Amino acid sequence: MQEITPSDTPVVRMVGITKRFPGVLANDNVNLTLHRGEVLALLGENGAGKSTLMNMLVGLYRPDNGEIYVHGKLAEINSPQDSMALGIGMIHQEFMLVGNMSVAENIILGMKGLPLVPPLAEIKKNITELSKRYGLQVYPDKIVHDLSVGEQQRVEILKLLYRGAEILILDEPTAVLTPGEARDLNEIIKKMLAEGKSAIFITHKMDEVMEFSHTVQVLRRGKSVNICPTASIKRIQDLANMMVGRDILFSLDRGPYNPGEVMLEARNLVMNSIAGGKRILDDVSFSLRAGEILGIAGVAGNGQQNLTEALTGLMMVNSGQVFIKGKDYTNKSPLQIIKSGVSHIPADRGRMGVVGDMSVGDNLSMKKYRTKELSNHSIIKRAWVRLFADRLIEAFTITTPSQDTSVKFLSGGNIQKTILAREIDSCGGILIAVYPSRGLDVGATEAVRQNIIKQRDSGNAVFLVSEELEELLMVADKIAVMFEGRIMDIMDVKDAKTEELGMLMAGVERRDI
Ligand SMILES: Nc1ncnc2c1ncn2[C@@H]1O[C@H](COP(=O)(O)OP(=O)(O)OP(=O)(O)O)[C@@H](O)[C@H]1O
Ligand SMILES: [Mg+2]
């Protein structure tokens, strides 16, 4: 828990807030109070209404009913500029930076009161000073699309600080960060609190809630169902129960380990960096069998992403070979690889996973239109498609008013469930899953892990990239550790020890452990 004690002065009061969307009551008469110096953890299942409630504080949505008071005064927040003027700033679940502009340009974008030609040199100097003060490494001249997600996150934070936000809203800020980056973010938030700022923090990670917040508020299906001091929570299970209304097992059923033939094999893959220097992939070899889950451990950014892109045809390798079911698929196109039976749950779901303007139903069925399941003599059977989509919506508990709703209107976690459902369902032998439980609530996380195990039990081969050792130890049969583009070691999960994995992840050679 935070050492800093919040004051009794409310900085934000939301009273009786109600917000409807077509077919959904997203917020139902919600009250929320944030005090000066307080961290309030806002929790709830995917689709519970957390982001919606916060978007009303920053003027992206208008409540249908209810009032918002900021520093005791009734506030009319009609735009992000209005909320900024009140000292409120938000880091969104989906980043909102402009990719082809520099860091400095992004930070001042949309700020009121700047001269027509902003004094960039001075602005950059201020940004650098501010970033030093908070220990945030940010380079004002870098172009945003060259930054890693961790760096982009720092720019988002700096943007808030630069604009003088006193009330910070952080919507799953650590979902895309590595454990190390998440710890850094923690430290920054502590510094901001020490200056009297306040924060509302949305997360699905229960340990962060316990470490970070003073108060916990839980939403369920749009209603506020519980508010309590974090210190009064004795067990993480109790928190999970408050959110989903049932116990979460935190343990999974799995069948015996019966590996079959090799389904996916990498032989000495090498990917050179265009800029020169260290290789992106350095002599990577592994084999993955039917009925087996190979977990890839490693701190994000050590080549896991590039490896999956090489396996799925999204990036070319410079040398080495990829075999799928015994056939050479090195540097083949993504389509050829999909046709060979590979399903892919990508890390970057915003850009690669779904078509936002298409309906949930079409997104779920788009990989299967041409199969016998959904068409007859190449004529798509709409009725079959509807039944199929409804079945997946139910099986994966996707919260949506109907299968006709556009995917872009779903909550972050439910967009993710849509991709998972489509890819897991269409798996033709090999499933490549990258951070599958990112952004999912505890209940959905459990369901996804169980589903991955079910794929393996039914004879599919699963390549699972995860940052959470706990998840890998729970789900995988074998674990490979990646560091700087290399596989440091591959071991059976029964021989894997957390400390050893941690050392390998940090680049310590096996012989030195
Ligand atoms: N612009 C919109 N149009 C229609 N429906 C919407 C819109 N924004 C949100 N919703 C719906 O409102 C409900 C609450 O969504 P919200 O994004 O607030 O959930 P959340 O608690 O943030 O979930 P997650 O943990 O998955 O991010 C969902 O059913 C969602 O589909
Ligand atoms: Mg959300």
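Ligands are counted one by one from 1 in listed order, and the atoms in each one are counted from 1 as well. Positions are given from 1 along the sequence. Since this is a predicted model, take the numbers as computed values, not measurements.
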Gap between atom [atom2] of [Y] and atom [atom1] of [X] - 0.5 Å precision:
| X | Y | atom1 | atom2 | answer |
| --- | --- | --- | --- | --- |
| Lys205 | Phe212 | NZ | CZ | 11.0 Å |
| Ile398 | Thr418 | CD1 | OG1 | 4.0 Å |
| Leu185 | Glu156 | CG | CD | 12.0 Å |
| Glu166 | Ser198 | CD | OG | 7.5 Å |
| Met243 | Leu43 | CE | CG | 5.5 Å |
| Lys159 | Ile91 | NZ | CD1 | 9.0 Å |

Quick check on contacts: which atoms of ligand 1 are under 4.0 angstrom from a heavy atom of [X]?
| X | answer |
| --- | --- |
| Gly413 | 24 (P), 26 (O), 27 (O) |
| Tyr61 | 1 (N), 2 (C), 7 (C), 8 (N) |
| Val24 | 29 (O) |
| Thr52 | 9 (C), 14 (C), 15 (O), 16 (P), 18 (O) |
| Asn46 | 23 (O), 24 (P), 25 (O), 26 (O) |

Give me the nearest non-hydrogen protein atom to [atom] as residue plus atom name, then the distance to 0.1 Å.
| atom | value |
| --- | --- |
| atom 27 (O) of ligand 1 | Gln93 NE2, 2.8 Å |
| atom 25 (O) of ligand 1 | Lys50 NZ, 2.8 Å |
| atom 17 (O) of ligand 1 | Ser411 CB, 3.3 Å |
| atom 23 (O) of ligand 1 | Gly47 N, 2.8 Å |
| atom 9 (C) of ligand 1 | Phe21 CE1, 3.4 Å |

Do any nitrogen or oxygen atoms of Thr399 lie less than 3.5 angstrom from nitrogen or oxygen atoms of ligand 1? no
Check your understanding: If we only count N/O pairs under 3.5 Å, is Ala26 in contact with ligand 1?
Key -> no
**OP:** Assert yes or no for the condition that the ring centre distance of Phe21 to Phe409 is strictly below 6.0 Å.
**Re:** no
Is [X] in contact with ligand 1, taking contact as a heavy-atom separation below 4.0 Å?
| X | value |
| --- | --- |
| Glu172 | yes |
| His204 | yes |
| Ala48 | yes |

Indicate whether the side chain of Gln403 and that of Asp390 have a donor and an acceptor atom separated by less than 3.5 Å.
yes
The answer for which part of Phe409 has a heavy atom under 4.0 Å from ligand 1 is both
Ranking Ser51, Ala444, Pro401 by closest non-hydrogen atom to atom 22 (O) of ligand 1, top hit is Ser51
The residue among Gln416, Glu467, Glu468 that forms side-chain hydrogen bond (donor to acceptor under 3.5 Å, both in side chains) with Arg438 is Glu467
Partner of Tyr134 under side-chain hydrogen bond (donor to acceptor under 3.5 Å, both in side chains), picked from Glu187, Glu195, Lys191, is Glu195
Any salt bridge linking Asp457 with Lys454? Criterion: basic side-chain nitrogen under 4.0 Å from a carboxylate oxygen. no
Exercise. Look at Thr52 and state whether any of its N, O or S atoms is less than 2.8 Å from the Mg ion (ligand 2).
Key: no
